[in-house]
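Quantities reported herein were computed from a predicted structural model and do not represent experimental measurements. Counting begins at 1 with the first residue of the sequence.
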Amino acid sequence: MTQPRPDEFKPPPECPVFEPSWEEFADPFAFINKIRPIAEKTGICKVRPPPGWQPPFACNVDRLHFTPRIQRLNELEAQTRVKLNFLDKIAKFWELQGCSLKIPHVERKILDLYQLNKNVADEGGFDIVCRDRRWTAIALKMGFAPGKAVGSHLRSHYERILYPYNLFQSGANLLKPTLPLDTSDKEYKPHDLAERQQFVQPAESCCNSARRAKRMRAEVDALVEQIKSSGVPHYAHHKSFFFAEKEIPILVKQEPIEPVSEADENKSRYKKKPSLDVDLYICLVCGSGSDEDRLLLCDGCDDSYHTFCLIPPLNDVPKGDWRCPKCLAQECSKPQEAFGFEQAYRDYSLRAFGEMADSFKSDYFNMPVHMVPTELVEKEFWRLVSTIEEDVTVEYGADIASKEFGSGFPIRNGRFKVSEKDEMYLKCGWNLNNMAMMDPSVLTHVTADICGMTLPWLYVGMCFSSFCWHIEDHWSYSINYLHWGEPKTWYGAPGFAAEQLEAVMKKLAPELFQIQPDLLHQLVTIMNPNTLMSHGVPIYRTNQCAGEFVITFPRAYHSGFNQGFNFAEAVNFCTVDWMALGRQCVDHYRLLHRYCVFSHDEMICQMASKANSLDVVLASAVQKDMKDMIREEQDLRDKVRKMGVKHCEQAEYNLLQDDERQCAKCRTTCYLSAITCPCSPGRLVCLHHIQDLCSCPLTNYTLNYRFTLDDLYPMMNAVKQRAEFYDEWASHVTETLEAKLDKKKSLSVFRSLINKSELKMFPDNDLLRQLRLVTQDAEKCSSVAQQLLNGKRQTRYRCGGGKTQSQLTVEELRSFVRQLYNLPCSLPQAPKLKELLNCIEDFQTHSEKLLADETTGTADIQSLLDVSFDFDVELPELPLLRERLAQARWLEGVQQASTQHSTLTLETMRRLIDQGVGLTPHPSVEKAMARLQELLTVSEHWEDKTSSLLKARPPLSIEALSETAEKVAGIPAYLPNCLMLKDSISRAREWLQEAEALQDEDSIPLFCNLSDMVIRGQDIPVQLGPLKQLESLVAEVQTWKECAAKTFLMKNSHFTLLEVLCPRCEVEAGSPKRKSKKAKDITQHSKKKMVKLDCLSDVEKALSETKDSASALATLGEVRLQEMGALSSLRAANESKLLPTADCMGLKVCVCQNPPMGAMLQCELCRDAFHSVCVRASSDSRSAQAWLCPHCRRSEKPSLDKVLPLLASLQRIQVRLPEGDALHYLVERTVSWQQRARQVSSSCGLPDLEESFATPPSPDGKVTSTVGCTHDLLHEQPGVCCAAADLSVELEELMVEGLLLQVSLPEITQLYHVLLNGLRTHHTNERTSLQDDDPSDCDKLKQLLNGAEKKAKRRLEREAVEPERRDKAKKLQNKRQKMNKEKNLERKAASTTSSPHSDFSQSDDSEEEMCPAEGCQQPEGDEVDWVQCDGSCNQWFHQVCVGVTAELAENEDYVCDNCTISDGR
């Protein structure tokens, strides 16, 4: 942190700041009187109104125009102005001799010539300093560092610049008339303070009776008279005087100095000899006119001097103006003008002044005005006022009359219209228009309006504009309100330090007070507060912000400056306590010959005339002041009579203006009496200055009086009588307050005295405030005492609360009891409260005993605490008792938890420890805490260790874990990890036992048991030896199952491997529903009964429960029997529903469960019919395989060569699983079927299967039925020895069972083709016979089938079109193309099919692919749309030939013309 410079400004301490409540703010004078004892010690104070008090700004901004004052900052400060005046004299001295003053630099600083001259003079003068060699001491005194040759430089500068001037002042001859030039010196430009002073009359329209205007006019008149009498040029300033100095004689060659008239200003500046007769211009020294080229002509008086006649002689002619010695003495002896502010040449509006002020501040500090810190502005201000190097000029709009432009506060009947919410400010006491004239203000009895004192003045400030040190007129109060803008910085000194401040300023700047004795009354001089404080003057400061008041107290000097553009308003007021100071101020003004703003005596008499309406305190003060006034007036009148004044005359001085009745000597405003003389009409003096009236005899004087003494005494007695009522009341109050012991009055007496004061409107003085204070204290004590006695309090500790705000300590209660007995009044609660105090002391005694006993239980402590609830007192024992209670409860909790090991968890121990940490230390608590902490540490250690053991990879052996388990067994706590360790060891032992038993068994283990053991073993965090072997065994089984699944299962098949390998136990029509593998209705506790094998889960469970493969194969054999029986029933049901006599429209076929239509496929196994568009048929029309529906096609049916290795690999693994048993059974079943097929083929004399297989069947687009038609085949082969019926049944069962096998065998394919080739011939013969026998039946069946097919087809086509309409048009077009292609394929297939059962929708006659419409257009292309007739012909037509659109063909039935005519017939 940087250290401040020694000369840097240090802010004084802050003055008091008050923030009244709304109640206090209601009466401004009462509040000011309340804070006066504090605030008058600092002279000034600041008042912040309550929040929300914001009066509207009512000044007429548009009409407000003013001419500000010009302030040059370095001319304001007293010491700086003294230096500037001195430098102006030096500069003028050298200017008159034709030289310009240049101030030298020493040690990089401008030399302070004033301080150098003063220090040399204090040391005895130039000669003595040189003789005693004191220049080094002078350099040190001026602040230069020692050790450098500064003293010699100072001597040189003094001898060159100041010594000639001092010689001239002493009256000696000039030795060195020229100033040597030093190029390093800085040229000094004179400030010309005197020439800038001018009188500025204030606007007459502001106020005719303005206090400062009146004083100004009188001062100006006196000054003009003085100037006229002295005959010197007129340089003066308003509010100032000047004093002439004696002329200093200058000797030139022993010639006497003659009076010289003032030179004409228009004379030539140059010293050139005029071209006239030489006798007219002669040297006044030698009297000769010779040597004209060496003859100098004075620019002031035109006298001539030879350059060699001057002492010392001049070598050259001066370049500038030159004055002779006589003119030089005359110019330098002119009196110095009084200092004052200049008036600016420009008239500002408020807006224009604000723009100028903001621009100045922002430019000066090079930042926005609102960002400049107030501390920076303050330091810069005091730096500027104390420097002579920088000239900063500002303007200040001060003393603007509010009567002309309007106050900033709203007033009644003013130009500013006040809203309803702001009407409160019209009559508010803090409205400065109301304050000076309110009843408590003494100025209400001054009849005249005084601008600035009873009428507010306005102040418009800018940055650095200042108001100098001053006190208010008549030493009155002042109040200043800052309406808006940037802050105003104030400095103040208390009233008791006023004379001290004046003495310090006179001591530090005596030259200014020699010129202006009343300098401090002119408001033109400021002095640094640090300087005043260094001389012992107490100074205080404050920053007044917008919306704040600053109050100055009587005779308190104050000054300050503005931080920036702002608008303030100020007014004076006087209170009762000012009365004595007011009379003292008038006497002080009389000594200074200063004007009074109003007559103090007139104000007193005015108040005395209204004695009956006066405030009693004011009446008492008026009576005292009037008593002194009458005594002084009587003494003066007696003195005047003794001096010889005989004539007396009554005068109505109250009717005269103040300036018409002022004393000609002391300027005091006369009221009670004055002396006049007939020789001087209009001139009068007060009785103090009777000898200064004129030179006439005193017998010619006349004593003019306003009242006789006999008139004054009754006025004083009336005021005295008004005050006596108050005195009587005050005496009674004093007696009541001072009563002792039994003589004390009750509280009701005090209240009656207060009521009487309010009824009589007695003043709110110290006595009344003391009475109110005592009464309020007594009432509060009575209320508190009653509360303590009644026990009205909150249940603090039962409800978790703490100490209440009204609670007293025991010591405070004792003090309170003593206070009750010390009150000036007596209270009935005092004895009762004393008894309560005794009970509390007994409680404390019992508490101390209980706390001393360490074995106390919770019940005793709680009972004692319950007693304390009856006392509304803060007891120091209560916290100790509560602590002891908490300790006891905690110990009980620890004891209870320690006895129940199952509930003593780590969390419980931590919670107890946390609770114990918050308890107050106690030996028993600390012991229990130590035990609990030790147990927690051990438990956490073993918990962490067992956790790490359980998580170890690879797992540890059971022996290592058992050793750890034994160690933790004795810990008395609930440890989850330790319990888990014990459980893991127990489960590991059980698992090992099961694994050992499994290895000892003779039978092959089941895969489900192995898998379950592996899963359980993996969950046990213990090293298990057999686990890896079992895991590898399970992995091999899983690999086998995956290989088997790839071999048997089709891609994306929904069947499981077990479903495929096992016989079908769920054979039903439609889409089979798969059931859960684990049925919920299996009774586990059933005894040995026949197990129902209704679903796959039943089969799987039965296989898992078998003990060996033989049992499993037997179980699967039962499932096979169920499969064959169910399938036989299903085949019969499907064949019966497809008989010609059935209702085709009611049929439900295919996976879609819709009626037959279009090309149909028939499953060779279940005999159900399927739509060709719903199922996928073989892509090869010449396929040699029998077609199976999706329900019957369950696997890929690998060859037996691929299946046998799977069975062999499973047998090597030596693990039983349901899939393995099913595969085993499947292989045996397949081999058995092969043997049966070959046996039937050889025994029944069927054609050799190998040879039949060599002849391929005829290509057929549809799959035909083979099973059930063996009768035709046998009929075509004569010579067969078997019965036809028996062979048919046996072949059907053989073919069905062959198709049920999930293994592909060549015998199945061979048998299928043999039967297929034989059936084709049989169907052809059968169709011929049917047509011959009963053609009507055949047509009937065909018509029935075709009608059903057409209706079903139309419905399906419509259902297919609907969703396509919601898609894009492209999908609709593709659908139509597909339908056309299907139609063409159907027609082609119909022409080549010979079986009547292959297609239910085709007619017997083949149709050519031609449109039967008349005039067929024969459209060509890949996309030709067809439509089929829904009448009796069922012919196909081009849509374009019959005029049918694609949408109409799809949504509605079409009947051709022929069918329409035939139907009509």
Side-chain angles (χ1 to χ4, degrees), residues 1055 1059-1073 1075 1090 1092-1096 1098-1099 1114-1139 1141-1142 1147-1151 1153 1161-1170 1186-1195 1197 1222 1225-1226 1228-1230 1232-1237 1239-1241 1244 1246 1263-1274 1282-1303 1305 1307-1308 1311-1312 1315-1316 1319 1397:
F1055 296 108
E1059 282 183 287
V1060 171
L1061 298 178
C1062 286
R1064 296 170 61 180
C1065 56
E1066 300 172 353
V1067 180
E1068 57 186 44
S1071 178
K1073 297 181 180 180
K1075 298 183 181 180
M1090 288 298 294
K1092 294 183 179 181
L1093 303 176
D1094 297 335
C1095 60
L1096 183 64
D1098 296 340
V1099 176
T1115 301
L1116 292 174
E1118 296 178 3
V1119 177
R1120 172 184 169 278
L1121 295 178
Q1122 294 181 10
E1123 178 187 33
M1124 294 302 294
L1127 185 61
S1128 177
S1129 301
L1130 179 62
R1131 286 169 59 85
N1134 290 337
E1135 288 178 350
S1136 63
K1137 69 181 181 182
L1138 295 177
L1139 292 177
T1141 57
L1147 291 180
K1148 301 294 183 181
V1149 297
C1150 191
V1151 294
Q1153 293 295 297
L1161 300 176
Q1162 191 172 21
C1163 178
E1164 295 292 349
L1165 187 58
C1166 65
R1167 304 303 294 162
D1168 198 1
F1170 295 85
W1187 183 83
L1188 301 180
C1189 68
H1191 304 320
C1192 299
R1193 177 74 174 179
R1194 301 167 65 85
S1195 69
K1197 291 193 174 183
Y1225 180 77
L1226 176 62
E1228 291 188 357
R1229 183 180 180 184
T1230 302
S1232 175
W1233 185 87
Q1234 274 185 323
Q1235 296 175 357
R1236 287 178 56 204
Q1239 183 180 1
V1240 169
S1241 175
C1244 295
L1246 293 177
V1263 180
T1264 57
S1265 175
T1266 58
V1267 181
C1269 299
T1270 55
H1271 174 75
D1272 299 325
L1273 179 62
L1274 298 177
C1282 297
D1286 295 337
L1287 181 59
S1288 175
V1289 174
E1290 185 176 359
L1291 288 178
E1292 182 179 0
E1293 292 179 355
L1294 184 64
M1295 190 63 190
V1296 169
E1297 188 171 358
L1299 293 176
L1300 285 175
L1301 294 176
Q1302 300 303 320
V1303 179
L1305 296 174
E1307 289 82 359
I1308 300 175
L1311 179 62
Y1312 170 70
L1315 297 178
L1316 184 63
L1319 289 175
H1397 302 285

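Note: L1188 CG to L1161 CG = 11.5 Å, rounded to the nearest 0.5 Å. Separating the CZ atom in R1229 from the CD atom in Q1302 is a distance of 8.5 Å, to the nearest 0.5 Å. Taken from CG in L1121 to CG in L1116, the straight-line distance is 11.0 Å, to the nearest 0.5 Å. Distance CG/L1165 to CD/E1297: 11.0 Å, rounded to 0.5 Å. The line from CD of Q1122 to CG of L1127 is 13.5 Å long, rounded to the nearest 0.5 Å. Rounded to the nearest 0.5 angstrom, C1189 SG and Q1162 CD are separated by 10.5 Å.
Contact check for M1124 versus L1300: side-chain heavy atoms found under the 4.5 Å cut-off.
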side-chain contact (heavy atoms from CB on, under 4.5 Å) for R1064 and C1192? Distances and angles first, verdict last.
CA-CA 10 Å; R1064 296 170 61 180; C1192 299; 3.8 Å; yes
List the steps and the verdict of side-chain contact (heavy atoms from CB on, under 4.5 Å) for I1308 and W1233.
CA-CA 10 Å; I1308 300 175; W1233 185 87; 3.2 Å; yes
Run the numbers on K1197 and L1301 for side-chain contact (heavy atoms from CB on, under 4.5 Å), then give the verdict.
CA-CA 8 Å; K1197 291 193 174 183; L1301 294 176; over 6 Å; no
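With hydrogens and angles disregarded, a donor-acceptor distance shorter than 3.5 Å links the side chain of S1136 to the backbone of A1132. Between the side chain of R1167 and the main chain of L1130, no donor-acceptor pair closer than 3.5 Å is present. Between the side chain of S1232 and the main chain of E1228, no donor-acceptor pair closer than 3.5 Å is present. The main-chain N or O of C1166 is found under 3.5 Å from a side-chain atom of N1134 such that the two form a donor-acceptor pair.
Legend: residues meeting ring pair (Phe, Tyr, Trp, His ring centres under 6.0 Å) with F1170, ordered by chain and number and at least two apart, are W1187.
L1294 and A1237 get closest at one heavy-atom pair: CD2-CA, 3.7 Å. Residue P1063 comes nearest to Y1225 through the heavy atom pair CG-CE2, 3.9 Å, listed as atom of the first residue, atom of the second, then distance. Residue V1060 comes nearest to S1195 through the heavy atom pair CG1-CB, 3.2 Å, listed as atom of the first residue, atom of the second, then distance.
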